[in-house]
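The structure appears right after this line, and notes come after that.
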Amino acid sequence: MEKKDLKKVYHNSFIGLIILPILIAVLPVVIPSSYILTVFIMVGIYALVCNGMTMLIGYAGQISLGHAAFYGIGAYSSAIISTTYGLSPWFGMIVGMIIAGIIAIIVGIPTFKLKGHYLALATLGFGIIVFTLFKEFRELTGGSNGFFGIPSINLFGFEFNSDLRYFYLVWVFVFIGIIFSRNIIHSRIGRALRSIEGSEIASDAVGVNIMKYKLQVFVLSAMFASLAGSLLAHYVSFINPDLFGAMTSIYFLIMVIIGGSKSIWGSVIGAATYVLLGELLKHFMPILLPNKGGEFEIVFFGILLVVTLIYMPNGLSPQLEKIFSKFQKKKVTIEAPLQINKKQIASGGENQ
Amino acid sequence: MEFSSQIIQLLFSGLTIGSIYALIAIGFVIIYNVTGVLNLAQGEFAMFGALISISLVKMGLPLWAAVILSIMTVFLIGGLFERVAIYPARKASVPTLIIITIGVSIAFRGIAILIWGTQPQSLQPFTDNTPIKFLNAVLLPQNIWAIGISLVSLVVMFYLFNKTFIGKALTACVVNQFAARLMGIKPEKMSLLAISTSAGLGALAGIVIAPISGASYDMGMMIGLKAFVAAVVGGLTNVPAAIGGAFLIGILESFAEGLWSSGLKDVVSFSLLLIILFVKPEGIFAKASGKRV
């Protein structure tokens, strides 16, 4: 990619940083509905997890089918520290992130020696082991019955106890997360990650410490997931192991893929698409198919995932960027990064 | 009950579940070696097999007819799956293919919910299910059926692969796809055949386990994953090793459940998976060879 385009892409993702806070600030004013706020709080929580996973999947090219484990570690750390021990929820959040980070290092060192299928399997296995432990450590986690009465977060006496307040809290975290990961992606580390995604052997040959970068991005994504888990726990005030099972990991993956793993904005777009489509289906499917339970939307998401991967392997965000750049009447080239593009690797190129 | 009879009983239920895993694990190995795809939707074929046969029995078909019809239906579903989801994406990267099979597996679960709902259902035992006493252990005839049917189908598969032309063509694709193509074997056709056959085998596994542990829309995931673990333990490229891995996992799980804790049996099998992946990713039954995965 040319240097001019590179600047252009950076510029475009910068525009998003201005638009997002405006949208977030305006939304509760335009639609003052508690239901919509709840929906967007969930979008924000998922976007935070996907943000970390996007760096891992889209930029470093490593698959993870176990991120619900870190999400759960965050939730349970927050819950146990703030409820059982009566300490500050903020402390719980930080402890959760530290625990998730340490576990990510321990698991990551042997895991990231593996590639492809084996990596997917190992992360899946890890996720299932953690899920089972959540269920079995009854004294600590409440077992399958769940963990009740998690208090809300407060900051210097200001309680985040209404949907509106929590909505802003979550999206402030999402916003900080996006700035953070955007800076990483556009730094030296980001370039190293992309080179790993392109070819591990080539990046090893030119002196990129593959293991170090893969591990760093895995730890970072684990911490993002843990933070999101803590936010979920303090919002819903009741958690149980089923929230953190293998299916949750898979849903995170769906969000990342649908949104587009090659763009930081893909995490927000993917999370929003997943949650909003899910809600729409819940409202409209019973009209089409009465007498069916509430879980039928998974057919739809499964098919959507397959179709997205076959026909739109970069997800929705490049499409949206195309539309966006048409508005500006300037051309931005969009590459197809899922296929290895030799020219791009040679130039250490940028793709969005 | 004395300790020795408990051991026999646990061993027996381990063999039962191991034989189920073996049927599905063979499917994994065949698909993986012919197409390079690790099919995470494999367990869903077992689920379809079980639920379709239950519905057919409820419609009044005799059990044997329901079983045959159900296996044939799942065979066709497998073929359709290959043409619709795997074939168009055959040139995609490994993570993409994995995610596609995940997508298909959740779509299958969803379809199962739409058709059968979320309530678990059960299939009648194949024959009169009065427990048999054996060395003070109580054994159910259905378990004997499960082990027997699995062993017979394993032998039949072995015969098909080694003695018939199509089996040999399939094996040729497993060993060396390029050479197979030079000999006029079409790997595309073999891919279709491999996935359909694995689907049929999966369906059989589901039907055999249905009278023992029931059938529901979400049964496929765990069975599939365990069979996966079995295939990896065996080494992913070797059918007899995968069968060995399946019985090992089944017995290990049964003992973990009986002697330790039923909740922690999953931890045991998945920890074994992680240990093997980290220490010996070529599988514990693999002979030392130049080829590494």
Side-chain angles (χ1 to χ4, degrees), chain A residues 57 61-63 65 107 109-111 113-122 124-133 135-136 138 143-144 245-247 250-251 253-254 256-257 261 289 291-311 313 338-340, chain B residues 32 36-38 40-41 84-89 91-114 117-119 217-218 221-222 225 228-229 231-232 236 261-279 281 293:
Chain A
I57 296 173
Q62 309 299 313
I63 193 172
L65 292 175
V107 176
I109 289 172
T111 307
K113 286 181 184 148
L114 305 166
K115 286 192 189 75
H117 296 128
Y118 291 93
L119 180 64
L121 270 181
L124 191 66
F126 163 70
I128 292 172
I129 291 173
V130 173
F131 164 72
T132 319
L133 294 179
K135 267 208 303 217
E136 293 303 311
R138 288 190 193 85
S144 318
M247 276 318 274
I250 290 168
Y251 287 138
L253 196 68
I254 294 180
V256 171
I257 300 293
S261 63
L289 290 159
N291 312 325
K292 293 290 171 194
E295 284 150 312
F296 45 73
E297 68 259 21
I298 67 173
V299 194
F300 181 78
F301 281 115
I303 295 169
L304 187 66
L305 181 65
V306 176
V307 172
T308 309
L309 276 172
I310 294 175
Y311 297 104
L338 260 192
Q339 280 92 36
I340 294 173
Chain B
Y32 179 71
V37 176
L38 204 62
L40 282 163
V84 173
I86 300 296
Y87 189 74
K91 295 214 168 67
S93 65
V94 167
T96 309
L97 282 168
I98 294 176
I99 301 167
I100 285 177
T101 63
I102 292 177
V104 172
S105 88
I106 57 176
F108 279 170
R109 283 159 64 107
I111 291 167
I113 294 178
L114 284 179
T118 52
Q119 284 301 313
Y217 78 99
D218 59 353
M221 189 165 166
M222 258 311 161
L225 287 177
F228 235 154
V229 177
V232 174
L236 265 187
S261 148
S262 65
L264 287 168
K265 68 170 194 209
D266 293 346
V267 174
V268 173
S269 32
F270 285 104
S271 301
L272 182 70
L273 170 75
L274 290 188
I275 292 167
I276 285 171
L277 283 177
F278 296 160
V279 179
V293 266

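Naming convention: chains lettered A, B, ... in sequence-line order (proteins, then strands); numbering from 1 in each chain. Quantities reported herein were computed from a predicted structural model and do not represent experimental measurements.
Minimum interatomic distance between A/A122 and B/F278 (heavy atoms only, all atoms of both residues): CB-CE2, 4.5 Å. The nearest pair of heavy atoms linking A/I128 to A/A246 is CG1-CB, 4.3 Å.
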Test B/T101 against B/I86 for side chain to side chain contact (heavy atoms under 4.5 Å, CB included), laying out the working first. CA-CA 8 Å; B/T101 63; B/I86 300 296; 4.0 Å; yes
Mind running side chain to side chain contact (heavy atoms under 4.5 Å, CB included) on B/F228 and B/L273 for me, showing each step along the way? CA-CA 9 Å; B/F228 235 154; B/L273 170 75; over 6 Å; no
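For B/L38, the parts sitting under 4.5 Å from any heavy atom of chain A are the backbone and the side chain alike. Of the two parts of B/L274, only the side chain, counted from C-beta on, holds a non-hydrogen atom closer than 4.5 Å to a non-hydrogen atom of chain A. Only the backbone of B/V84 comes within contact range of chain A, with heavy atoms under 4.5 Å apart. The part of B/I98 that comes within reach of chain A is its side chain, from C-beta onward, which places non-hydrogen atoms under 4.5 angstrom from that chain. For A/I254, the part sitting under 4.5 Å from any heavy atom of chain B is the side chain, from C-beta outward, and nothing else. Only the side chain of A/L114 comes within less than 4.5 Å of a heavy atom of chain B; its backbone N, CA, C and O stay farther away. Contact of A/L304 with chain B is not made at all, since no heavy-atom distance falls under 4.5 Å. If you measure heavy-atom distances from A/L253 to chain B, the contacts under 4.5 Å come from the side chain alone. If you measure heavy-atom distances from A/L119 to chain B, you find no contacts under 4.5 Å at all. Neither the backbone nor the side chain of B/L97 comes within contact range of chain A, judged by heavy atoms closer than 4.5 Å. For A/T111, the parts lying near chain B are the backbone and the side chain together; criterion is any non-hydrogen pair under 4.5 Å.
Taking CD1 of A/I129 as the start and CD of A/E136 as the end, the distance is 13.0 Å to the nearest 0.5 Å. A/L121 contributes atom CG, which lies 9.0 Å from atom CZ of B/F270 (distance to the nearest 0.5 angstrom). Of the inter-residue distances, the one linking A/I257 atom CD1 with B/I102 atom CD1 reads 9.0 Å to the nearest 0.5 angstrom.
Of the listed residues B/D266, B/V37, B/L264, B/V268, the one with more heavy-atom pairs under 4.5 angstrom with chain A than any other is B/L264. No other option in B/A85, B/S271, B/G103, B/A112 has as many heavy-atom pairs under 4.5 Å with chain A as B/G103. When each of B/V104, B/L40, B/I100 is checked for heavy-atom pairs under 4.5 Å with chain A, B/I100 comes out on top.
Remark: A/F131 engages A/K135, A/P241, A/D242 in a side-chain contact (heavy atoms from CB on, under 4.5 Å) (not counting sequence neighbours). Residues satisfying the side-chain hydrogen bond (donor to acceptor under 3.5 Å, both in side chains) test with B/S269, not counting sequence neighbours, are B/E253.
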